[in-house]
Amino acid sequence: MSAQISPSNSLQVKALQILHEVFGYTSFKGAQAAIVEHVCAGGDALVLMPTGGGKSLCYQLPALLRDGVAIVVSPLIALMQDQVDALQQLNVKAAFLNSSQTPEDARAVSNLLVNGELQILYVAPERLMLTGFLAQLAQIERLTGIALFAIDEAHCVSEWGHDFRPEYRKLTVLHEQFPNVPRIALTATADAPTRAEIIERLQLENAQQFVSSFDRPNINYRVLPKTNARGQLEAFLESEHPNDAGIIYCLSRKKVEETAEYLKQRGWDALPYHAGLDATIRNANQRRFLREEGVIIVATVAFGMGIDKPNVRFVVHLDIPKSMEGYYQETGRAGRDGLPANAWMTYGVGDVVSMRQMLDNGDAPVARKAVERQKLDALLGFCESVSCRHQTILRYFGEAHAGDCGQCDNCNSPVDTWDATKPAQMALSAVFRTGQRFGVVHLIDVLMGKNNAKVTQFSHENLSVFGVGKAINQQQWSSIFRQLVAGGLLESDIAAFGGLKLTEAARPVLKNETEVWLRRDVEVTGRVKSSKAQKSSNAKATYDGIADDPLWLALKAKRLELAREQGVPPYVIFHDSTLLEILNMKPQSLIELSRITGVGKAKLDRYGDDFLQVLEDEVNGIG
Ligand code: ADP
Ligand code: ZN
């Protein structure tokens with residue numbers, strides 16, 4: 001009995017064929033199959049998928065299946081070249097139009113477009129809005145057809161995020177002028193208000209929504225109490241990322257430069273990036289990060305949007321981010337390729353105090369400040385949380401998560417909590433008795449009975465709290481204060497130059513009406529123990545020990561050589577995950593090589609022989 005092939009069936013067959021032959025993938029990831037089918041059938045879609053979820057395929061594949069050219073609207077001008085390069089590697093006819101081009105180049109692309117010789121065109125939103133261009137599109141729709149409109153980074157319509165692009169608001173014109181062309185809007189921004197705004201602003205009320213889980217299972221989250229940040233950072237880099245590319249976030253431009261300089265002097269390939277740097281330097285640094293292997297970028301949050309380097313192996317926060325949204329987005333730049341990656345943060349009481357001051361001193365309206373404050377508090381709650389990091393993050397974004405991850409710091413070495421009511425009372429009284437205007441350092445001295453009057457010109461020897469806390473050491477006190485500030489029992493007083501004062505929440509504690517339970521910080525010294533043993537259990541173990549495997553190095557060297565010849569980033573040739581599969585499978589023929597994820601027809605033709613040769617040389621000991 002022969003199976004009936006319905007239109008939807010034959011669509012699926014064709015989609016799978018393109019998935020194999022062009023993209024080199026064996027199967028769809030997550031909701032990709034459903035999205036591709038929906039868009040191919042002409043429906044509008046809103047796709048919410050985390051970074052690394054595989055969003056590009058959701059419009060690239062329908063672009064190849066449907067008649068006519070697909071128009072991809074993206075604000076990421078700097079990325080378009082790489083995206084087009086990557087598609088051309090797959091023999092897809094792709095091009096872009098944006099302000100970075102010479103008029104001649106733009107004209108050449110326009111000619112291809114009008115002649116129906118393009119399958120995918122990336123355009124910047126301001127370019128799309130030009131009346132002339134819209135008229136041209138109308139003509140193209142009549143002649144050769146428009147396959148779809150993809151609106152990438154759709155959250156740019158929202159005024160609330162920091163990626164707001166006014167031109168995105170005008171994209172409703174697409175719907176109005178081309179009602180029969182399907183639209184697919186995509187974003188990795190998860191929160192409900194932004195989602196609602198995207199639907200409203202882009203008139204996507206009738207679009208089908210595809211909401212993926214926002215979990216990033218391959219990211220291993222860790223938050224450490226700050227003791228000696230630079231020492232802790234270097235120990236982390238040495239033991240876990242001696243040769244990897246990563247991003248280190250700092251709050252201020254000054255700290256970015258100092259940290260980059262420090263790391264450079266210590267022999268790390270570290271480069272600074274912030275909005276205050278000269279544009280040529282900034283671009284050169286970003287370019288090195290993207291095109292070379294193992295470069296570390298030290299940056300403010302100005303660095304990130306549009307960095308789609310798949311093999312960022314770690315993201316460090318030397319200062320706390322402003323919100324959970326910020327933390328999730330910044331750490332999310334690690335491990336796009338699905339291989340294990342680390343999100344690592346150190347944090348101390350000083351961070352909380354200075355971040356709160358920064359928000360309080362800002363010139364946002366009062367209501368906005370209250371929101372910012374709440375967001376910071378949620379982040380601090382996350383830092384101090386004793387439960388699974390993945391669960392805490394997902395709960396924040398309103399998503400249920402099944403079970404502990406088993407790999408984050410809290411899952412790995414479960415954190416103790418302890419009844420800290422008595423010490424908390426001591427700390428709060430010390431704040432009160434000294435007049436609610438001193439910082440943590442002085443308060444700890446008072447509690448430990450150290451007279452620092454010479455430094456501060458204040459003697460508190462006669463107070464009842466002087467020396468009551470001798471049984472507790474400096475580091476423990478610092479942890480207690482950090483948690484009291486993070487928990488909102490103490491706050492910094494701007495009028496008193498950031499000295500600590502009590503909040504309403506402190507009252508019941510002092511009156512012995514509430515208990516205070518705190519997390520027991522793991523003892524942290526300047527050097528962090530090499531945590532190989534702690535590494536995630538479900539991490540692809542193969543990736544850990546291979547840093548100096550000669551075959552791995554040879555494969556990477558070949559990739560870099562090919563990338564340099566063509567002036568493209570190495571991952572445009574093959575992703576790490578593909579290279580890793582080659583390393584593990586050691587294919588001996590083109591057929592075997594074609595079965596590796598990420599090796600489609602075009603790349604097999606282009607690079608198959610080169611990489612088989614590397615494998616052969618290595619076996620024969622020539623490499
Ligand atoms: P996003 O834009 O959502 O961050 P990308 O489109 O960059 O994600 O894809 C993330 C990674 O997943 C890339 O390395 C890509 O090659 C890979 N990928 C996407 N779809 C598939 C698939 N069906 N099978 C295997 N790998 C895939
Ligand atoms: Zn966990």
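For the numbers below, each heavy atom of this structure counts, side chains included, while hydrogens, waters and symmetry mates do not. Start at 1 and go down the list; that is how both ligands and their atoms are numbered. Numbering starts at 1 and runs along the sequence shown.
Among Trp344, Tyr327, Tyr328, Phe382, the single residue meeting the ring-ring contact (aromatic ring centres under 6.0 Å, His included) criterion with His317 is Tyr327. Tested against His390, the residues Phe397, Tyr396, Tyr221 include a single ring-ring contact (aromatic ring centres under 6.0 Å, His included) partner, Tyr221.
Residue Ala188 does not touch ligand 1, judged by heavy-atom distances below 4.0 Å. At a 4.0 Å heavy-atom cut-off, ligand 1 does not touch Ser577 at all. In Pro310, neither the side chain nor the backbone holds a heavy atom less than 4.0 Å from any atom of ligand 1. Of the heavy atoms in Phe28, only backbone atoms (N, CA, C, O) come closer than 4.0 Å to ligand 1.
With contacts defined as side-chain heavy-atom distances shorter than 4.5 Å, the pair Leu376/Ile320 qualifies. Using a 4.5 Å cut-off on side-chain heavy atoms (C-beta onward), Phe214 and Glu399 make contact.
When Arg336, His575, Gln83, Gln60 are checked for heavy-atom proximity to atom 11 (C) of ligand 1, Arg336 turns out nearest. Looking at Tyr571, Tyr25, Phe23, Phe574 and measuring to atom 21 (C) of ligand 1, the nearest heavy atom belongs to Tyr25. Of the candidates Met49, Lys55, Gln32, it is Lys55 that places a heavy atom closest to atom 2 (O) of ligand 1.
Given atom 10 (C) of ligand 1, the protein heavy atom at minimum distance is Gly52 O, 3.6 Å. The nearest protein atom to atom 12 (O) of ligand 1, hydrogens excluded, is given as Lys29 NZ, 3.0 Å; this is a heavy-atom distance. Nearest protein neighbour of atom 8 (O) of ligand 1, counting heavy atoms only, is Gly54 N, 3.1 Å. Atom 5 (P) of ligand 1 has Ser56 OG, 3.5 Å as its closest protein atom, hydrogens excluded (heavy atom only).
Of the charged side-chain nitrogens involved, at least one lies within less than 4.0 Å of a carboxylate oxygen, so that Asp82 and Arg291 count as a salt-bridged pair. Salt-bridge formation is detected for the pair Arg559/Asp576: a Lys NZ or Arg NE/NH1/NH2 atom is positioned less than 4.0 Å from an Asp or Glu carboxylate oxygen. Salt bridge absent: Glu561 and Arg564 never bring a charged side-chain N and a carboxylate O closer than 4.0 Å.
Residue pairs satisfying the salt bridge (Lys or Arg N to Asp or Glu O under 4.0 Å) criterion with at least one member in residues 37-65, sequence neighbours excluded, are listed as follows: Asp44-Arg183.
Below 4.0 Å from some heavy atom of Thr51 lie the following atoms of ligand 1, by number and element: 4 (O). Here is the list of ligand 1 atoms found below 4.0 Å of a heavy atom in Pro50: 3 (O). Within ligand 1, counting atoms from 1 as listed, the ones closer than 4.0 Å to a heavy atom of Ser27 are 22 (C), 23 (N), 24 (N).
Side-chain N/O atoms of Tyr571 and Arg336 include no donor and acceptor closer than 3.5 Å. A donor-acceptor contact under 3.5 angstrom links the side chains of Tyr347 and Glu384, judged on distance only. Between Gln89 and Asp85, the side chains place no donor N or O within less than 3.5 Å of an acceptor N or O (distance only, hydrogens not considered).
Excluding waters, the set of protein N/O/S atoms under 2.8 Å from the Zn ion (ligand 2) reads Cys388 SG, Cys405 SG, Cys408 SG, Cys411 SG.
Counting heavy-atom neighbours within 6.0 Å of Lys601 NZ, excluding the residue itself, gives a total of 12 or less. Counting heavy-atom neighbours within 6.0 Å of Lys14 NZ, excluding the residue itself, gives a total of 12 or less.
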